[in-house]
Amino acid sequence: MTQTFSFNVKQELCAKDIASMEDYLRVAELYGAFLLAQSFSFNKIKLFTTNTRVAARMKTLLKAAFKLSFDSVPTQGGMLIIDSPEKLSKIFYSFGHNPKQSGTSIHINNGLLDNEGCLNAFLRGAFLSGGSITDPLKKYHLEIVTPHHHLIGELTAVLHECGFEPKVTSRSGVNALYFQSSEMIEDILSFIGAPSSALRLMETKIEKDLRNNINRRVNCDSGNLIRTVIASEAQQEHISKLMQSREWERLPEQLKITGIARLASPESSLAELAEQLEISKSALNHRLRKLNAMALGINS
């Protein structure tokens with residue numbers, strides 16, 4: 001199976017050692033992942049992923065942070081579910097949410113995000129759960145989606161606090177914030193713990209820019225070559241017409257030399273032909289225009 005750029009980013013994020021993390025960072029990463037999950041309510045948490053490394057990381061984080069396990073775990077990736085009231089109660093109280101005091105909408109508890117390390121972990125969890133990134137060879141686009149409309153504004157505020165400025169959209173009942181600046185995406189990947197992926201994106205951008213510059217140069221050179229060939233063919237036609245007329249013998253010697261040189265070097269550019277004749281390009285242009293005008297004045 002071909003691995004996507006998004007898949008590789010998540011593989012790099014999942015490689016971050018959980019055992020060496022402080023417990024509050026484990027909680028912050030789980031908090032980001034669960035908030036962006038398909039369901040995050042006092043009755044059930046449902047997190048869907050087809051990435052087995054992401055699923056394994058969520059299981060390890062849950063065990064390390066709360067000494068709990070998911071109630072339902074698919075063998076090949078799918079929906080991770082917690083619906084045990086006891087487990088949900090422990091998790092939500094640890095996240096700072098009290099079912100008896102909260103309404104139906106659960107808002108981000110900024111108290112869990114009081115330093116940069118917590119913000120790093122929180123956004124890493126959010127990306128692992130609801131994020132994706134397009135192959136930079138095609139375009140620059142990173143987005144995080146959630147079915148919970150009220151969370152988009154709050155997540156945008158968290159990103160602003162970290163110095164990022166996402167755009168927001170909604171489509172087919174799904175809310176998303178996204179970035180299309182390659183520099184911003186590089187910074188976000190580094191911020192959440194994927195510096196190697198940020199470097200690969202940077203290298204891809206350099207390669208694309210270089211390839212585009214080469215293509216523009218080739219297209220420009222091709223266009224110049226075509227214009228040179230067309231102009232040369234017209235000049236040869238006019239000079240040949242002059243040579244077959246009585247006007248040729250009346251021409252000044254310098255015009256005759258110019259006409260013969262053009263016929264002898266049809267593929268040469270004006271700069272190259274001027275160099276052969278040891279005259280300036282403007283002088284050559286003047287002579288060719290004069291030959292052209294005289295040819296056009298001959299009756300066919």
Side-chain angles (χ1 to χ4, degrees), residues 2-6 8 133-143 165-167 169 178-190 195-300:
T2 302
Q3 295 180 351
T4 65
F5 188 81
S6 190
N8 290 331
I133 181 169
T134 303
D135 185 342
L137 281 172
K138 298 177 181 177
K139 63 178 180 178
Y140 306 119
H141 186 91
L142 181 151
E143 70 175 26
E165 298 181 3
K167 296 179 181 179
T169 187
Y178 64 95
F179 300 88
Q180 293 179 319
S181 160
S182 60
E183 291 83 3
M184 189 72 71
I185 295 172
E186 290 163 14
D187 290 344
I188 291 171
L189 291 178
S190 296
S196 295
S197 295
L199 182 59
R200 285 197 298 275
L201 191 152
M202 193 181 306
E203 291 170 344
T204 300
K205 181 185 177 183
I206 293 171
E207 290 172 3
K208 282 175 63 177
D209 289 345
L210 180 60
R211 190 180 303 115
N212 289 338
N213 287 336
I214 291 173
N215 287 339
R216 281 193 292 270
R217 179 62 183 270
V218 168
N219 290 338
C220 180
D221 290 346
S222 297
N224 289 337
L225 179 60
I226 290 170
R227 286 189 288 274
T228 297
V229 170
I230 292 173
S232 177
E233 288 178 349
Q235 290 159 6
Q236 291 175 72
E237 181 182 342
H238 294 149
I239 293 168
S240 295
K241 186 177 181 181
L242 266 176
M243 292 178 75
Q244 295 170 16
S245 72
R246 297 176 182 175
E247 294 298 324
W248 179 257
E249 295 303 325
R250 301 191 186 106
L251 291 179
E253 194 63 24
Q254 62 183 17
L255 289 184
K256 289 183 181 180
I257 292 173
T258 300
I260 293 170
R262 171 42 91 198
L263 290 179
S265 302
E267 74 288 348
S268 296
S269 66
L270 290 180
E272 292 168 340
L273 191 59
E275 186 176 352
Q276 292 174 28
L277 293 171
E278 298 182 349
I279 60 175
S280 67
K281 187 176 175 181
S282 61
L284 176 61
N285 260 321
H286 176 73
R287 293 183 187 182
L288 289 173
R289 283 197 298 269
K290 194 163 185 178
L291 288 169
N292 179 63
M294 294 182 70
L296 292 174
I298 297 173
N299 293 328
S300 302

Just verifying a value: how many Å separate [X] [atom1] and [Y] [atom2], rounded to the nearest 0.5 Å?
| X | Y | atom1 | atom2 | result |
| --- | --- | --- | --- | --- |
| Thr134 | Gln180 | OG1 | CD | 9.0 Å |
| Thr204 | Glu186 | OG1 | CD | 9.5 Å |
| Leu255 | Leu288 | CG | CG | 9.0 Å |
| Ser182 | Met202 | OG | CE | 9.0 Å |
| Leu142 | Ser6 | CG | OG | 8.0 Å |

* With sequence neighbours excluded, residues passing ring-ring contact (aromatic ring centres under 6.0 Å, His included) with Phe179 ->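 Applying ring-ring contact (aromatic ring centres under 6.0 Å, His included) to Phe179 gives none.
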* Check ring-ring contact (aromatic ring centres under 6.0 Å, His included) between His286 and all other residues, then give those that pass, not counting sequence neighbours. =>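 With sequence neighbours excluded, His286 shows a ring-ring contact (aromatic ring centres under 6.0 Å, His included) to no residue whatsoever.
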* Asked: Within a reach of under 6.0 Å around CD of Gln276, are more than 12 heavy atoms found that belong to other residues, nucleotides or ligands?
  ->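 It does: Gln276 CD has more than 12 such atoms within range.
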* To do: Looking only at non-hydrogen atoms, find the nearest pair between Pro195 and Ser190 and report the distance.
  =>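 Minimum heavy-atom separation between Pro195 and Ser190: CA-OG, 4.2 Å.
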* **salt bridge (Lys or Arg N to Asp or Glu O under 4.0 Å) against Glu183, all qualifying residues, sequence neighbours excluded** =>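 Scan of Glu183 (salt bridge (Lys or Arg N to Asp or Glu O under 4.0 Å), adjacent residues dropped) gives Lys205.
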* **Name of the residue among Ile185, Ile188, Thr4, Asn8 meeting side chain to side chain contact (heavy atoms under 4.5 Å, CB included) with Ile133** =>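 Among Ile185, Ile188, Thr4, Asn8, the one that satisfies the side chain to side chain contact (heavy atoms under 4.5 Å, CB included) with Ile133 is Ile185.
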* Candidates Glu253, Lys290, Arg287 - the one meeting side chain to side chain donor-acceptor pair (under 3.5 Å) with Thr258 ->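 The option that passes is Arg287.
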* To do: Report the C-alpha separation of Leu201 and Phe5 in whole Å, then their side-chain angles, then the decisive distance to 0.1 Å, and conclude whether the side chain to side chain contact (heavy atoms under 4.5 Å, CB included) test is met.
  => CA-CA 9 Å; Leu201 191 152; Phe5 188 81; 4.2 Å; yes
